[in-house]
Amino acid sequence: MEDKKLIFSGIQPTGTFTLGNYIGAVRNWGPLQDDYNCIYCVVDMHAITVRQEPAKLRQNTLNSYALLMACGIDVEKSILFIQSHVKTHAELNWILCCNTQFGELSRMTQFKDKSKKHPDDINAGLFTYPSLMAADILAYNADLVPVGVDQKQHLELARNIAQRFNQRYGDFFTVPEPYIAEVGAKVMSLQEPSKKMSKSDDNPNAVILILDDKDTIIRKFKRAVTDSEAEVVYREGKDGINNLMTIYSSVTGKDFKSIEAEFAGKGYGDFKLAVGEAVADHLEPVRTEFARLIQDKAYLKECYTAGAEKALRYSQRTLNKVYRKVGFVDR
Ligand code: TRP
């Protein structure tokens with residue numbers, strides 16, 4: 001690979017993204033590939049730390065893979081693979097588990113939250129989740145990891161694990177830094193615009209999924225919660241309108257001033273329809289490309305097989321050195 005910094009990121013196999021994920025993060029990944037070496041991994045092994053229906057997990061993993069390609073990850077430029085296809089992740093995880101403290105894992109807020117949510121299944125994998133994540137990152141000696149706030153604590157732990165390993169066994173792992181992307185806009189729920197748009201929202205009208213069809217997208221925007229004024233302006237207290245303006249601005253590139261001018265004297269109905277149409281048109285190429293890819297199973301398989309081979313070659317070198325460092329006998 002060329003001498004550029006290396007970015008690594010893992011993506012949960014949820015099978016789809018929200019408009020919030022897309023505007024805030026995913027759509028920036030394509031352009032990154034020119035400035036960095038990028039490795040992206042669909043983390044099916046992390047996914048089974050909570051109960052999954054096997055057939056669904058398989059489908060969602062493939063969907064996520066195809067969707068990442070449809071969103072601009074180019075398998076010629078980047079390495080894109082499925083975590084369980086590359087055995088070094090599980091192997092390195094074991095070594096890192098032996099360099100991670102019970103106390104550290106016990107402090108992870110995501111572990112505490114998920115334990116509360118699934119009190120009948122607080123399994124060891126859920127507990128050691130962050131050391132597998134550290135293995136993902138350290139196996140490639142990644143320089144940078146794009147993370148949202150919810151994963152910051154896990155990345156911090158990965159750094160601590162790397163530093164501890166380096167102290168015990170001699171400088172080896174690159175200590176990864178968080179990659180703070182140019183802030184993509186934050187997209188809020190269409191129904192409760194003071195809350196972040198979230199896939200797990202109980203109200204489907206609150207969330208735009210990037211694979212929603214045009215009619216669905218327009219219908220959800222028509223129902224978006226606004227306020228009792230009738231003025232399209234960006235102002236404190238107008239959470240609903242502010243959110244719609246943010247979305248409209250993100251997909252059209254227009255700034256708030258020109259949006260205000262465009263809709264001066266018009267009602268919210270016109271504005272919501274315009275936002276819905278702009279979003280649907282913007283996402284159209286992603287939907288079309290996804291539909292094409294997900295039908296072409298043979299091509300998809302070719303891509304994820306090649307991705308796994310590249311990832312294995314790369315990470316096996318790291319693992320071999322780690323095995324020597326900790327004192328395992330050479331094969
Ligand atoms: N835990 C991350 C999440 O839930 C996914 C993930 C797994 C990840 N391994 C990673 C993210 C390595 C960055 C780097 O979103």
Side-chain angles (χ1 to χ4, degrees), residues 6 8-14 39 41-52 54 57 61 82-180 200 311 315-329:
L6 192 126
F8 183 96
S9 191
I11 296 101
Q12 292 281 352
T14 53
I39 304 184
C41 165
V42 180
V43 294
D44 54 349
M45 286 159 69
H46 278 107
I48 63 164
T49 58
V50 296
R51 280 262 176 287
Q52 300 284 342
L57 175 62
T61 302
I82 298 170
Q83 189 183 31
S84 64
H85 289 180
V86 182
K87 66 185 176 62
T88 44
H89 291 237
E91 292 168 337
L92 183 57
N93 174 42
W94 178 251
I95 310 280
L96 297 184
C97 273
C98 300
N99 287 275
T100 308
Q101 298 302 306
F102 179 84
E104 288 176 308
L105 292 171
S106 308
R107 283 193 290 278
M108 293 293 116
T109 55
Q110 191 174 84
F111 172 69
K112 291 191 242 178
D113 292 346
K114 287 189 179 173
S115 303
K116 246 184 241 150
K117 216 169 138 192
H118 310 281
D120 55 336
D121 187 20
I122 306 178
N123 63 76
L126 188 65
F127 188 61
T128 58
Y129 177 116
S131 79
L132 177 60
M133 180 162 155
D136 296 341
I137 299 165
L138 301 184
Y140 302 91
N141 277 305
D143 299 292
L144 297 167
V145 180
V147 278
V149 272
D150 65 316
Q151 296 299 317
K152 253 179 123 171
Q153 198 185 25
H154 288 162
L155 181 61
E156 196 52 46
L157 181 55
R159 289 168 52 84
N160 292 339
I161 295 172
Q163 280 159 343
R164 181 168 312 126
F165 187 96
N166 289 349
Q167 267 162 21
R168 281 192 184 155
Y169 298 104
D171 239 10
F172 179 67
F173 284 125
T174 304
V175 180
E177 302 279 342
Y179 174 80
I180 313 292
S200 52
S315 55
Q316 186 70 57
R317 278 202 297 270
T318 311
L319 189 70
N320 291 348
K321 290 183 195 154
V322 168
Y323 274 22
R324 296 218 77 218
K325 289 230 167 228
V326 301
F328 291 170
V329 173

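As the structure is a computational prediction, the values presented were derived from the model and not from experiment.
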Residues, nucleotides or ligands: over 12 heavy atoms within 6.0 Å of Arg51 CZ: no
Can you name the nearest heavy-atom pair linking Ala134 to Leu96, along with the distance? C-CD1, 3.7 Å
Contact check, side chains of Leu138 and Pro176, non-hydrogen atoms, under 4.5 Å: yes
Beyond-backbone contact of Ile39 with Leu6, side-chain heavy atoms, under 4.5 angstrom: yes
Using 0.5 Å steps for rounding, measure from the CD atom of Gln151 to the CG atom of Leu157. 11.5 Å
For the pair Phe165 and Phe172, name the ring-plane relationship: parallel under 30°, tilted 30 to 60°, perpendicular over 60°. tilted
Apply the test side chain to side chain contact (heavy atoms under 4.5 Å, CB included) to residues Asp120 and His118: give CA-CA distance (whole Å), side-chain angles for both, the deciding distance (0.1 Å), then the verdict. CA-CA 5 Å; Asp120 55 336; His118 310 281; 4.1 Å; yes
Kindly say whether Thr174 contributes a backbone atom to a donor-acceptor pair with the side chain of Asp143 at under 3.5 angstrom? no
Can you list the steps and then say if Glu156 with Arg107 is a salt bridge (Lys or Arg N to Asp or Glu O under 4.0 Å)? CA-CA 12 Å; Glu156 196 52 46; Arg107 283 193 290 278; over 6 Å; no
Heavy-atom check, side chain of Ile161 versus side chain of Phe173, under 4.5 Å: no
Find the distance between CZ (Arg317) and CG (Asn320) and round it off to the nearest 0.5 Å. 9.5 Å
Side-chain heavy atoms of Asp150 within contact of Thr109, under 4.5 Å: no
Do Asn93 side-chain atoms and Ala135 backbone N/O form a donor-acceptor pair below 3.5 Å? no
Which distance, rounded to the nearest 0.5 Å, do you find between the CZ of Phe8 and the CG of Asn141? 12.0 Å
Flag the pair Ser315 / Leu92 as yes when at least one side-chain heavy-atom distance between them is below 4.5 Å, and no otherwise. no
Check: Ile82 and Asp44 side chains under 4.5 Å, non-hydrogen atoms: yes
Within the 6.0 Å centroid threshold, strictly below: Tyr140 and His89: yes
Given side chain to side chain contact (heavy atoms under 4.5 Å, CB included), test Tyr169 with Val326 step by step and report yes or no. CA-CA 7 Å; Tyr169 298 104; Val326 301; 3.8 Å; yes
Distance col, row Ile11:CD1 vs His46:NE2, nearest 0.5 angstrom, shows 12.0 Å
What do you reckon, is NZ of Lys152 surrounded by more than 12 foreign heavy atoms closer than 6.0 Å? no
Is there a side-chain contact between Arg168 and Lys325 (heavy atoms, below 4.5 Å)? no
Distance from Ile48 atom CD1 to Leu126 atom CG, nearest 0.5 Å? 11.5 Å
